[in-house]
Amino acid sequence: MAGRLLSLRRMGRTSFAKLRDGSGEVQLFLNQQALGKDVYQGALDVLDVGDFVSAGGPLFRTRTGEPSVRVERLQVAAKALRPLPEKWHGLQDPELRFRQRYLDILTNDSVRRRFEARTAIVSALRRVLDSHGFLEVETPTLQPVYGGGAAEPFVTSYAALNRDYYLRIADELYLKRLLVAGYERVYEVCKNFRNEGIDSSHCPEFTMLECYQAFGDLADMRELAQRLVATAAEAVHGTTRVQFDGGALDFTPPWRRLTYRDALLASAGLDLEADASASALHEAARSNGVTVDPSWPRAKLLDELMKTLVEPSLVEPTVLERYPAETSPLAKRCPDDPRYIERFEVFVNGMELANAYTELNDPIEQRARMEEQASARHGADATPVDEDFLLALEHGMPPAGGLGLGVDRLVMALSGTSNIREVILFPQLRDRS
RNA sequence: GGGCUGGUAGCUCAGUUGGCAGAGCAGCGGACUUUUAAUCCGAAGGUCGUGGGUUCGAGACCCACCCGGCCCA
């Protein structure tokens, strides 16, 4: 067997070592009589904690019952030149944990398990979608026009094409092209890039699951979102009632449902159906102590009110639904009331976890709303019109439900962590000067 | 951007009123034939984040900056 030496207790003519490989840990029992004096002493001279070694010999139990290998053959497979962090406390300094994640994973069991859980979660998401007949696809990371959201992109230079390109802020518009192509159920798990702030729930490079279902509606997407998250919870915890040090969350479907209007009415005392004018929104912000900019359009005001007053209170999984039309240009309007769109978002721990629409597939209305948004939004939020996407829509996109799920945030919610960096293997930090 | 907080040995951390820079683990030398954070003895290990300032004297006090963490915007 081969693995990494995690500890070494030298006790004279007998020594004990702890060896870890991918399947677990085992104790090595080294004895001078069994190995011969030269081999035994030579091994102790050269071995350091942190080395990779291969060892062979029969399994047995020591006096204290510890399963051990009575080492007969021993070889250093790779030498460690630097010592492992402190064996009892592990690596604690958050800066070093992020900068040298390999040491964090190597010495902190809970961190190692958390990243294994992340992989199990992504596998569970794929398993659910695969079993529901969704086709996993890959779409461009480098895009000539960014779209599918409102965010500042990373700009890069595409030498062979001699023009600027953008790292995707979303893959939505490409997945919809595949609906045009005739695939009825598609999904992609990919990195998106948004050149904006970093905080405990935002990382400029993050992982998203997006899926689209032709002829699906919002109810289908709600069922799917619940199925995805519940299955992921079971994959990690064996249950949808998840407990961790800081508390507990119940992901058992069906989740609580709340309309956007009722949420604002309860938290801000603002009734969108009584008065949804910009001045009413400003008044609501002022009376609730929310700082806003007089130049903001209604969509941004609404977003700010929701972020400040409503979202922090949504701790248990909650489906927030019936969004005002101006909050997205990509969703279909509610047939019973054109002031609203068929959209919901899922919140957990005050954090947006998922976003779903009945997708807008009318090329004429889509063009109008994209052009409206391109001109109405100011400065950094301006989203260019993707003519190539509109051309695709003009060839006919089936009615469809679409769902986006923040994978990093799902891992946070299922692992009881409150900082997104704790679920990203190698988060970016400033250079140490 | 603002507030709070941290940066001392490879790691985990102490450092009192401004008065010789400390411990544990790891590493090094030694003892020990069943340990479990082994134990015991010995020696060694420092750009106290960086740069200024105050002072007879600064890890500590003051200023600026760098890199984190938490909270707020």
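From a predicted model like this one, the values you see are computed outputs, not experimental measurements. Within every chain, numbering begins at 1; the chains are lettered A, B, ... in the order of the sequence lines, protein sequences first and strands thereafter.
In this structure, the side chain to side chain donor-acceptor pair (under 3.5 Å) partners of R369(A), at least two apart in sequence or on a different chain, are E365(A). The salt bridge (Lys or Arg N to Asp or Glu O under 4.0 Å) search around E66(A) returns none, not counting sequence neighbours. For Y158(A), the ring-ring contact (aromatic ring centres under 6.0 Å, His included) criterion is met by Y165(A), not counting sequence neighbours. Partners of R114(A) according to the salt bridge (Lys or Arg N to Asp or Glu O under 4.0 Å) rule, which considers only residues two or more places apart in sequence or in another chain, are E422(A). With sequence neighbours excluded, no residue forms a salt bridge (Lys or Arg N to Asp or Glu O under 4.0 Å) with D217(A). Every residue meeting the side chain to side chain donor-acceptor pair (under 3.5 Å) condition with E25(A), not counting sequence neighbours, appears here in chain and number order: R20(A). When the salt bridge (Lys or Arg N to Asp or Glu O under 4.0 Å) test is applied to E138(A), no partner is found at least two apart in sequence or on another chain.
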* Go ahead and write out RNA chain B as dot-bracket, 5' to 3': ( ) for pairs within the strand, [ ] for ones crossing earlier pairs, | when the partner sits on another strand, dots for unpaired; Watson-Crick or G-U wobble, both distances under 3.5 Å. => (((((((..((((.....[..))))..((((.......))))......(((((..]....)))))))))))).

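Proximity of a side-chain donor or acceptor of D408(A) to a complementary backbone N or O of F206(A) within less than 3.5 Å is not detected. Looking at N195(A), its side chain never comes within 3.5 Å of a backbone N or O of E152(A) through a donor-acceptor pair.
Put simply, CD on E86(A) is 8 Å from C1' on A26(B), counting in whole angstrom units. Here A38(B) presents its C1' atom at 12 Å from CG of L8(A), a figure rounded to the nearest Å. Protein atom CZ of F16(A) is 16 Å distant from nucleotide atom P of C32(B), rounded to whole Å. Distance, R99(A) CZ to G10(B) C1': 17 Å, rounded to whole Å. Between the CD atom of Q100(A) and the C1' atom of G10(B) there is a distance of 10 Å, rounded to whole Å. Distance, Q92(A) CD to U8(B) P: 14 Å, rounded to whole Å. When rounded to the nearest whole Å, the span between CD of Q27(A) and C1' of A37(B) equals 14 Å. Note: CG (N108(A)) to P (C11(B)) measures 14 Å, nearest angstrom.
When distances run from any side-chain atom of N31(A) to the nucleotides U34(B), U33(B), G10(B), the shortest one goes to U33(B). The nucleotide whose nearest atom lies closest to any side-chain atom of T14(A) is, among U35(B), G27(B), U33(B), U33(B).
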* **Protein-to-nucleotide contact annotation, 5' to 3' order, nucleotides 39-45 of chain B [B base; S sugar-phosphate only; - none; under 4.0 Å, heavy atom]** => -------

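The ring-ring contact (aromatic ring centres under 6.0 Å, His included) pairs that include a residue from residues 77-123 of chain A number zero, where partners must be two or more places apart or lie in different chains. Annotation: ring-ring contact (aromatic ring centres under 6.0 Å, His included) contacts involving residues 7-52 of chain A, sequence neighbours excluded, comprise F16(A)-F29(A), F29(A)-F60(A).
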Between N or O atoms, less than 3.5 Å apart, protein on one side and nucleotides 69-72 of chain B on the other: list the pairs.
residue: G69(B); atom: OP1; partner: R421(A); partner atom: NH1; Å: 2.3
residue: G69(B); atom: OP2; partner: R421(A); partner atom: NH1; Å: 3.1
residue: C70(B); atom: OP1; partner: N419(A); partner atom: ND2; Å: 2.7
residue: C70(B); atom: OP2; partner: N419(A); partner atom: ND2; Å: 3.4

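When each of T62(A) and G289(A) is assigned the nucleotide of RNA chain B bearing its nearest heavy atom, the one mapping closer to the 5' terminus is T62(A). With the nearest nucleotide of RNA chain B identified for both L91(A) and W88(A), L91(A) has the one nearer the 5' end.
With hydrogens and angles ignored, a donor-acceptor pair closer than 3.5 Å exists between the side chain of R9(A) and the base of U35(B).
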